Every structure is written in C-alpha cells, then in structure tokens.
Novice: 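Before anything else, here's the structure in question.
Model, not experiment: these values are computed from the prediction.
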Amino acid sequence: MPKMIVSIDGVVIKEFQLTKDRTTLGRRPYNDIVIDNLAVSGEHAALQMVGGEVYLEDLNSTNGSYVNGKSIKKQLLQNNDTVEVGKYKIRFVNETAGAALDKAAAMQPAATAAVMPPASAPAPVAEAPADLDLRPGAAIKVLSGAAAGREVQLVKVVTTIGKPGVAVAAITRRPIGFVVAHVEGASVPTLNGIPVSGTPVALKNGDLLELAGTRMQFMQP
C-alpha cells in the first residue's frame with residue numbers, strides 16, 4: 001500500500017498510509033496529512049490515487065510543492081520520490097508497485113531475465129533497517145503531570161511525544177541507539193537541562209527529558 005514518510009532535518013516524524021482516492025495535505029487540522037508549519041499553506045496539496053498510481057497536485061499553495069527538487073503543479077509519483085513542502089521532506093513509498101515489478105520480472109523467460117539491468121529492482125526502504133531489534137526494551141517513563149507513572153515502549157522506528165501545535169519532539173530508533181530531536185512548537189525540549197534544537201541528540205539510560213513542562217525519563221536495559 002502506498003505511503004508517505006514525513007521527515008525534517010533527517011528525522012522521520014510521521015508515516016501515512018494512502019488508503020483514500022484523495023488525500024489532502026496542509027496546515028489546517030481538517031487535512032488528512034497535517035503539517036503545522038507556517039511555510040505550509042492551509043490547503044497545500046492533494047494526493048490522488050488512480051488504480052495503483054498516485055498523483056501529487058499543488059493546490060495553488062503560497063510556497064509551492066516540489067518533487068525531487070523541481071517545482072510541480074501536478075505529477076505522477078514514482079517509488080522513492082521526495083516531495084518537499086516548506087522545510088519538510090516527504091518520501092513516497094509504493095511497495096505495491098515494487099512487488100508488481102518483481103512479479104513482472106519473474107514472468108519473463110530465463111534468457112530475457114538474465115540480461116535485465118539491476119536497476120529494475122525496487123530500492124530498499126531506508127526506514128526499515130534489519131537491525132532494529134538490536135536494542136530492545138527501551139521506554140519513556142512520564143515523571144510529572146496527569147500521566148505520571150505511565151511508560152511508553154519505544155517499539156516503532158519513530159515515536160513522537162508532545163502536543164501538535166504546542167511542542168513536539170521525536171525519538172528515533174537507529175542502529176547505534178536512540179536519538180531525540182525537536183520537531184515543532186515554541187517550547188524546545190531539554191535533555192538533562194540542556195535545550196535540544198536542530199541536530200538530533202543521542203539518548204542514554206537514565207536521561208531526563210522535559211517538554212512543555214512535562215518531565216520524562218529515558219530507560220534502556
């Protein structure tokens with residue numbers, strides 16, 4: 001099923017499965033994909049799914065929509081295309097299309113398949129590395145506020161914490177461990193009392209995070 005992977009400054013913050021014929025993207029909360037950033041128009045772009053193909057259409061946005069660095073009005077998306085909206089990069093992944101290519105290649109006669117260039121194989125999906133299970137058991141424990149005592153297991157590639165539009169941080173699972181980064185909002189998270197802004201910062205067991213007045217602790221056996 002086609003999906004869009006949203007990232008900023010190299011940190012993945014959201015993934016959206018494209019399940020509707022028309023999916024809207026913009027800053028307003030009624031959009032299917034909401035990106036709360038002033039560089040994004042209220043109704044910025046739409047994704048139209050026709051059969052197994054997905055078209056991106058810019059909805060006369062203020063700052064425009066870009067695919068692989070080029071300004072577009074309407075364009076058919078290919079697997080692993082990068083859509084740029086403001087400072088956000090959104091990678092289009094169409095695993096169904098990749099599977100169809102594999103099936104078509106398998107149906108070719110042996111002599112033909114032997115001379116097919118390697119480029120016909122679909123590119124790997126970077127957000128699904130094989131070594132995600134190297135560091136199991138990590139969690140975030142809430143230390144203050146109404147949810148004090150709650151533990152959030154970090155089992156996904158990206159776990160977002162905070163409140164959209166107020167303060168959001170992302171904890172990303174990498175082969176070397178976990179990192180935290182500020183995603184959006186006026187309130188900047190702190191790690192052991194030091195502000196986290198811009199570059200993702202590595203987490204270690206016992207680190208104390210604070211975001212919008214809520215204190216949390218990173219735990220990893």
Side-chain angles (χ1 to χ4, degrees), residues 4-16 25-45 61-66 82-91 126-127 129 132 135 137-221:
M4 309 298 290
I5 302 174
V6 184
S7 65
I8 183 170
D9 296 330
V11 178
V12 177
I13 57 173
K14 300 176 184 177
E15 288 191 12
F16 295 91
L25 182 154
R27 192 175 72 252
R28 301 300 181 192
Y30 52 75
N31 287 284
D32 299 300
I33 302 176
V34 179
I35 300 180
D36 190 9
N37 186 281
L38 292 178
V40 180
S41 297
E43 297 176 1
H44 197 101
S61 63
T62 301
N63 294 316
S65 299
Y66 295 79
T82 298
V83 178
E84 296 177 50
V85 178
K87 294 183 179 180
Y88 290 79
K89 293 184 183 296
I90 309 172
R91 193 158 68 87
E127 279 70 29
L132 287 181
R135 295 171 175 263
I140 287 290
K141 183 176 182 179
V142 182
L143 302 179
S144 66
R150 180 186 174 192
E151 290 189 13
V152 178
Q153 297 297 318
L154 303 177
V155 296
K156 300 189 295 184
V157 175
V158 180
T159 301
T160 54
I161 55 177
K163 184 177 180 181
V166 178
V168 176
I171 298 175
T172 303
R173 190 172 192 167
R174 292 183 176 177
I176 59 171
F178 290 83
V179 296
V180 63
H182 180 221
V183 175
E184 62 183 5
S187 180
V188 177
T190 63
L191 178 63
N192 301 323
I194 301 174
V196 176
S197 58
T199 305
V201 180
L203 290 169
K204 62 181 183 299
N205 184 43
D207 277 349
L208 294 175
L209 284 164
E210 186 166 342
L211 179 64
T214 300
R215 294 178 67 246
M216 295 159 279
Q217 185 174 34
F218 174 75
M219 301 184 301
Q220 185 175 36

Novice: On a heavy-atom basis, which atom in A39 and which in G86 lie closest, and how many Å separate them?
Specialist: CB-CA, 3.9 Å
Novice: Quick one: does K14's side chain have a donor or acceptor within less than 3.5 Å of a partner on I35's backbone?
Specialist: no
Novice: Strictly distance-based, threshold 3.5 Å: is any side-chain N or O of N63 a donor or acceptor partner for the main-chain N or O of V85?
Specialist: no
Novice: At their closest point, which heavy atom of V34 faces which heavy atom of R28, and how far apart are they?
Specialist: CG2-O, 3.6 Å
Novice: Search all heavy atoms of R174 against all heavy atoms of G10 and return the closest pair with its distance.
Specialist: NH2-O, 4.2 Å
Novice: About how many Å separate CD of E15 and CD1 of I33, when rounded to the nearest 0.5 Å?
Specialist: 11.5 Å
Novice: Using atom types as modelled and distance alone, determine if a side-chain donor or acceptor of S144 lies under 3.5 Å from a backbone N or O of R215.
Specialist: yes
Novice: Between E43 and Y30, is any pair of side-chain heavy atoms under 4.5 Å apart?
Specialist: yes
Novice: Let me confirm one number: the NZ-CE distance from K141 to M219, rounded to the nearest 0.5 Å.
Specialist: 6.0 Å
Novice: Any heavy-atom pair between the side chains of F16 and D32 that's under 4.5 Å?
Specialist: no
Novice: Which value, rounded to the nearest 0.5 Å, describes the distance between K87 atom NZ and S7 atom OG?
Specialist: 14.0 Å
Novice: If you take all heavy atoms of S187 and H182, which pair is closest and at what distance?
Specialist: O-NE2, 3.5 Å
Novice: Taking atom CD1 of I5 and atom OG1 of T82, what is their separation to the nearest 0.5 Å?
Specialist: 10.0 Å
Novice: Please report the shortest heavy-atom distance between V12 and A170, naming the atom on each side.
Specialist: O-CB, 4.3 Å
Novice: Would you say N205's side chain and Q220's backbone share a donor-acceptor pair under 3.5 angstrom?
Specialist: yes
Novice: Over all heavy atoms of both residues, which pair between A181 and V11 is shortest? Give the atoms and the distance, please.
Specialist: CB-CG2, 3.9 Å
Novice: Within a strict 4.5 Å, meaning less than it, do heavy atoms of the T190 and L209 side chains meet?
Specialist: no
Novice: Could you tell me whether the side chain of S41 and the main chain of H44 form a donor-acceptor pair under 3.5 Å?
Specialist: no
Novice: Answer yes or no: is there a side-chain heavy-atom contact under 4.5 Å between V180 and L203?
Specialist: yes
Novice: What I'd like to find out is whether the side chain of Y88 reaches to under 4.5 Å of the side chain of N37, using heavy atoms alone.
Specialist: yes
Novice: Indicate yes or no: at least one non-hydrogen side-chain atom of L211 is less than 4.5 angstrom from one of T214.
Specialist: no
Novice: Does any part of the side chain of I140, heavy atoms only, come nearer than 4.5 Å to the side chain of Q217, both counted from C-beta?
Specialist: no
Novice: What's the separation between atom CG in L154 and atom CZ in R173, rounded to the nearest 0.5 Å?
Specialist: 8.0 Å
Novice: Should I90 and L25 count as side-chain neighbours, where that means a heavy-atom distance under 4.5 Å?
Specialist: yes
Novice: For the OG1 atom of T159 and the CD atom of Q153, what is their distance to the nearest 0.5 Å?
Specialist: 10.0 Å
